[in-house]
Engineer: 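Quick one: this structure, given as structure tokens, is what I'll be asking you about.
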Amino acid sequence: QSQLVESGGGLVQPGGSLRLSCAVSGFTLDYYAIGWFRQAPGKEREGVLCISRSGLSLKYRSSVRDRFTISRDNAKNTVYLQMNSLKPEDTAIYYCAASDYCHRPITEYSYWGQGTQVTVSS
């Protein structure tokens with residue numbers, strides 16, 4: 001069964017950093033774009049960053065462009081989200097999800113993880 005499992009969340013002070021991991025099993029990571037999404041309490045889920053199948057194309061939210069980096073290691077079946085200069089407004093549950101292309105609407109991402117909590121607070 002296809003599965004994505006997020007890890008690496010936690011509590012961090014403003015300005016700090018976290019690296020989230022998305023471990024993939026049950027499908028070939030090479031064939032999928034992987035997006036990171038987040039959902040804060042009372043808000044809709046939103047896209048943060050996405051990396052294409054080739055790793056050569058990225059889609060990102062402007063508010064995180066200079067702070068977050070997505071990467072993939074297909075040999076390890078893992079996608080990473082490096083988050084630097086974290087702000088309180090980054091607080092959310094972070095999810096990874098798989099699709100064929102990054103530009104699919106959120107409802108067309110095929111597989112989702114269960115999420116990992118990121119809390120940015122002093």
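Given the structure is predicted, the values throughout are model-derived calculations rather than measurements. The figures here come from the full heavy-atom set of this structure, side chains too, leaving out hydrogens, waters and symmetry mates.
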Engineer: Report the C-alpha distance between Tyr60 and Cys102 in whole Å, list the side-chain angles of each, state the deciding distance to 0.1 Å, and finish with yes or no for side chain to side chain contact (heavy atoms under 4.5 Å, CB included).
Structural biologist: CA-CA 10 Å; Tyr60 44 81; Cys102 285; over 6 Å; no
Engineer: In Å, rounded to the nearest 0.5 Å, how long is the span from CG of Leu49 to CD of Gln82?
Structural biologist: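 If I round to the nearest 0.5 Å, the distance is 11.5 Å.
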Engineer: Would you give the length of the straight line joining atom OG of Ser21 to atom CG of Leu4, rounded to the nearest 0.5 angstrom?
Structural biologist: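 Taking OG in Ser21 and CG in Leu4, the distance rounds to 12.5 Å.
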Engineer: So Phe37 and Trp112, would you call those rings parallel, tilted or perpendicular, with 30° and 60° as cut-offs?
Structural biologist: tilted
Engineer: Which residues pass the salt bridge (Lys or Arg N to Asp or Glu O under 4.0 Å) test with Asp100, sequence neighbours left out?
Structural biologist: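 Partners of Asp100 under the salt bridge (Lys or Arg N to Asp or Glu O under 4.0 Å) test: Arg104.
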Engineer: Quick check against the 3.5 Å criterion: does Arg72 have a side-chain atom that pairs as donor or acceptor with the backbone of Ala33?
Structural biologist: no
Engineer: Answer yes if the ring centres of Trp36 and Phe68 are under 6.0 angstrom apart, and no otherwise.
Structural biologist: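 Centroid separation for Trp36 and Phe68: 6.0 Å or greater.
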Engineer: Does Gln39, at its CD atom, have more than 12 non-hydrogen atoms belonging to other residues, nucleotides or ligands within less than 6.0 Å?
Structural biologist: yes
Engineer: Is the backbone of Gly55 close enough, under 3.5 Å, to the side chain of Ser52 for a donor and an acceptor to pair up by distance?
Structural biologist: yes
Engineer: A quick test of your reading: do over 12 heavy atoms of other residues, nucleotides or ligands sit less than 6.0 Å from CD of Glu44?
Structural biologist: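 No.
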Engineer: Is there a path from Val5 to Leu18 through hydrophobic residues (I, L, V, M, F, W, Y) whose side chains come within less than 4.5 Å of each other?
Structural biologist: no
Engineer: Return the minimal non-hydrogen interatomic distance between Ser2 and Gly26, and the atom names on each side.
Structural biologist: OG-O, 3.5 Å
Engineer: How far apart are the closest heavy atoms of Val120 and Thr91, and which atoms are they?
Structural biologist: N-OG1, 2.9 Å
Engineer: Taking the side chain as everything from C-beta on, heavy atoms only, tell me whether Val64 gets closer than 4.5 Å to Arg38.
Structural biologist: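 Val64 vs Arg38: side chains touch.
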Engineer: I'd like to know if the side chain of Thr116 reaches the main chain of Tyr94, judged simply by a donor and an acceptor atom lying under 3.5 Å from each other, with no hydrogens or angles considered.
Structural biologist: no
Engineer: For Ser85 versus Asp90, what's the shortest heavy-atom pair and its separation?
Structural biologist: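 Nearest heavy atoms, Ser85 then Asp90: O-OD2, 4.5 Å.
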Engineer: Just how far is it from atom OG of Ser25 to atom CD of Gln3, taken to the nearest 0.5 Å?
Structural biologist: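 Rounded to the nearest 0.5 Å, the OG-CD separation comes to 4.5 Å.
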Engineer: State, to 0.1 Å, how close Ile70 and Ile34 come at their nearest heavy-atom pair, and which atoms those are.
Structural biologist: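 So the minimum-distance heavy-atom pair works out to CD1-O, 3.6 Å.
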Engineer: Assess, by modelled atom type and distance only, whether the side chains of Arg19 and Tyr80 contain a donor and an acceptor separated by less than 3.5 Å.
Structural biologist: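 There is no such pair (donor and acceptor under 3.5 Å, judged by atom type) between the side chains of Arg19 and Tyr80.
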Engineer: Looking only at side chains, do Asn84 and Ser17 share a donor and an acceptor under 3.5 Å apart?
Structural biologist: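 Yes, Ser17 and Asn84 have a side-chain donor paired with an acceptor closer than 3.5 Å.
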Engineer: Roughly how far apart are Ser99 OG and His103 NE2, rounded to 0.5 Å?
Structural biologist: 11.0 Å
Engineer: State, to 0.1 Å, how close Val79 and Ser71 come at their nearest heavy-atom pair, and which atoms those are.
Structural biologist: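 That would be CG1-O, 3.2 Å.
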Engineer: Going by side chain to side chain donor-acceptor pair (under 3.5 Å), name the residues that satisfy it together with Thr119, two or more places apart in sequence or in a different chain.
Structural biologist: Gln117
Engineer: Quick one: ring pair (Phe, Tyr, Trp, His ring centres under 6.0 Å) partners of Tyr32, sequence neighbours excluded?
Structural biologist: Phe27, Tyr111
Engineer: Run Ile106 and Glu108 through side chain to side chain contact (heavy atoms under 4.5 Å, CB included) and show every step you take.
Structural biologist: CA-CA 5 Å; Ile106 190 170; Glu108 295 185 13; over 6 Å; no
Engineer: Check whether Tyr31 and Tyr101 end up in the same hydrophobic cluster, where Ile, Leu, Val, Met, Phe, Trp and Tyr are linked by side-chain heavy atoms less than 4.5 Å apart.
Structural biologist: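 No, no single cluster joins them.
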Engineer: Once you round to the nearest 0.5 Å, how far does CG of Asn74 lie from CG of Leu29?
Structural biologist: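 Going from CG on Asn74 over to CG on Leu29, the span is 4.5 Å.
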Engineer: Looking at Glu6 and Cys96, what are the two nearest heavy atoms and their distance?
Structural biologist: OE2-N, 2.8 Å
Engineer: Counting only N and O atoms by type, is there a donor-acceptor contact under 3.5 Å from the side chain of Ser54 to the main-chain atoms of Leu56?
Structural biologist: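 Checking the backbone N and O of Leu56 against the side chain of Ser54, a donor-acceptor pair under 3.5 Å is found.
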Engineer: Please indicate whether Arg65 has more than 12 foreign heavy atoms, meaning atoms of other residues, nucleotides or ligands, lying under 6.0 Å from its CZ.
Structural biologist: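 No, not enclosed.
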Engineer: Group every Ile, Leu, Val, Met, Phe, Trp and Tyr by side-chain heavy-atom contacts under 4.5 Å, then state whether Tyr95 and Leu20 land in the same group.
Structural biologist: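 Different clusters: Tyr95 never reaches Leu20 through Ile, Leu, Val, Met, Phe, Trp or Tyr contacts under 4.5 Å.
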